[in-house]
Amino acid sequence: ASHELRTPLTVARGYAEMLLEDPSLADHVREMVKGIHKSTIRQHEIMDSMFDIAQIDSRTLELHRQDVFVTELIRSVAQEQSKFVAERQQELTLDLPQMPSIKADPNTLRKLFYHLIINAIKFTPDNGKISITARQVPPNNRDLPEGGVEIVVSDTGVGIDQGYQEVIFTKFYQPGELLNRHSTGKTKFKGSGGGLGLALSRGVVEAHGGKIWVDSPGFDEEKCPGSEFHIILPLRSQGESKTVRMGSAIKLKL
């Protein structure tokens with residue numbers, strides 16, 4: 001279905017972009033075309049997520065592994081969301097130490113951190129704070145024979161009820177009060193979405209041999225106890241070259 005839907009979406013998006021390049025277009029028509037163009041992009045994002053989820057479910061998600069500096073990748077994704085952070089008058093800080101490179105697929109990791117950052121923005125009130133920290137994880141004989149990296153995305157948002165901290169990673173799950181309510185703005189406070197972001201995030205992490213979980217005292221819209229999403233990714237697959245390049249430390253406030 002996602003393959004079949006992509007073709008008409010691509011055509012609609014292409015014609016919208018051609019219209020926007022027309023200097024003779026009336027201002028009120030240009031605004032309408034911008035709305036059409038924005039909606040086709042959003043539909044593309046949803047279809048891409050559905051396609052990725054289908055691959056994860058069928059265990060056919062292909063990872064094109066290469067040396068990835070996670071700190072640089074996170075900085076790039078965070079800076080791309082700086083517009084939304086500014087619109088919500090929030091503060092996003094990165095405090096990332098010098099970290100080793102990992103063998104991973106950079107494209108799927110970008111999707112992982114995109115969804116986690118967007119969710120933090122969405123469920124944190126205006127003027128709230130979001131922080132991303134990291135540390136190197138030493139090797140262990142069970143899960144990380146070569147060691148790994150841990151990234152934590154924290155926010156001062158509404159939090160997550162302890163009874164739902166596992167179910168939020170399932171497909172199409174949305175908090176009860178958001179059912180039947182749709183937000184066209186991806187970062188509108190508590191706006192609902194397709195319920196695919198966290199399911200996709202877990203699929204990406206587990207495909208890399210890592211794990212993801214959330215810690216939160218509970219849900220409270222007034223006190224905003226916040227949430228912490230933890231991601232652990234292995235340094236490399238067992239048996240691969242032990243040569244590791246180090247990335248730069250990053251301190252950044254958006």
Side-chain angles (χ1 to χ4, degrees), residues 1-18 34-68 70 73-74 76-81 83-84 102-123 151 153 164 166-175 178-188 191-214 229 231-234 237:
S2 55
H3 271 306
E4 291 298 320
L5 286 168
R6 279 179 177 177
T7 301
L9 278 175
T10 300
V11 172
R13 178 177 176 177
Y15 279 126
E17 290 173 351
M18 289 170 65
K34 283 182 179 178
I36 294 170
H37 183 244
K38 182 179 179 181
S39 293
T40 58
I41 292 175
R42 178 61 180 144
Q43 285 178 302
H44 263 290
E45 291 174 352
I46 294 169
M47 294 315 303
D48 285 344
S49 293
M50 292 180 68
F51 185 67
D52 289 337
I53 287 289
Q55 289 184 308
I56 288 168
D57 286 348
S58 61
R59 301 184 184 279
T60 57
L61 180 67
E62 293 185 9
L63 299 180
H64 302 285
R65 295 178 186 265
Q66 61 189 66
D67 284 337
V68 175
V70 179
L73 187 146
I74 293 173
S76 173
V77 176
Q79 288 178 324
E80 289 171 0
Q81 312 315 316
K83 173 185 174 183
F84 302 120
I102 65 173
K103 282 287 187 181
D105 182 329
N107 291 326
T108 57
L109 286 192
R110 289 189 71 86
K111 294 177 182 180
L112 161 68
F113 292 112
Y114 165 81
H115 285 297
L116 292 179
I117 293 172
I118 284 291
N119 267 13
I121 295 171
K122 184 188 298 184
F123 291 101
I151 301 95
V153 181
Y164 291 90
E166 180 63 27
V167 73
I168 62 171
F169 292 101
T170 58
K171 289 179 297 184
F172 307 116
Y173 172 77
Q174 296 173 326
L178 297 183
L179 293 176
N180 303 317
R181 180 179 128 196
H182 177 68
S183 169
T184 55
K186 291 184 293 184
T187 55
K188 181 179 178 181
S192 61
L196 295 172
L198 288 179
L200 176 59
S201 297
R202 168 166 281 184
V204 168
V205 171
E206 292 182 349
H208 281 85
K211 57 183 179 179
I212 180 173
W213 72 94
V214 63
F229 282 84
I231 306 97
I232 291 183
L233 297 167
S237 299

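In this text the structure is predicted, and so the values were computed from the model without any measurement.
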Taking all heavy atoms of Arg65 and all of Ala207, pick out the closest pair and write down the distance. NH2-O, 3.5 Å
Ignoring hydrogens and geometry, is there a side-chain-to-backbone donor-acceptor pair from Arg13 to Thr40 under 3.5 Å? no
Find out whether [X] and [Y] are in side-chain contact, i.e. whether some heavy atom of one side chain is under 4.5 Å from a heavy atom of the other.
X: Leu196; Y: His115; result: no
X: Ile231; Y: Leu116; result: yes
X: Lys103; Y: Val68; result: no
X: Thr108; Y: His208; result: yes
X: Glu62; Y: Asp105; result: no
X: Ser49; Y: Lys111; result: no
X: Tyr15; Y: Ile36; result: no

I'd like to know whether His37 forms a side chain to side chain contact (heavy atoms under 4.5 Å, CB included) with Ile41, so could you lay out the CA-CA distance, the side-chain angles of the two residues, the decisive distance to 0.1 Å, and finally the verdict. CA-CA 6 Å; His37 183 244; Ile41 292 175; 3.4 Å; yes
Phe51 vs Met47, test: side chain to side chain contact (heavy atoms under 4.5 Å, CB included). Steps then yes/no. CA-CA 6 Å; Phe51 185 67; Met47 294 315 303; over 6 Å; no
Please assess Phe84 against Lys122 for the test side chain to side chain contact (heavy atoms under 4.5 Å, CB included), listing each intermediate value before the final yes or no. CA-CA 9 Å; Phe84 302 120; Lys122 184 188 298 184; over 6 Å; no
Please determine whether side chain to side chain contact (heavy atoms under 4.5 Å, CB included) holds for the pair Leu233 and Leu109, giving the CA-CA distance in whole Å, both sets of side-chain angles, and the decisive distance to 0.1 Å. CA-CA 10 Å; Leu233 297 167; Leu109 286 192; 4.0 Å; yes
Using a strict threshold of under 4.0 Å (side-chain N to carboxylate O), is an ion pair present between Arg202 and Glu166?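 So Glu166 pairs with Arg202 through a salt bridge.
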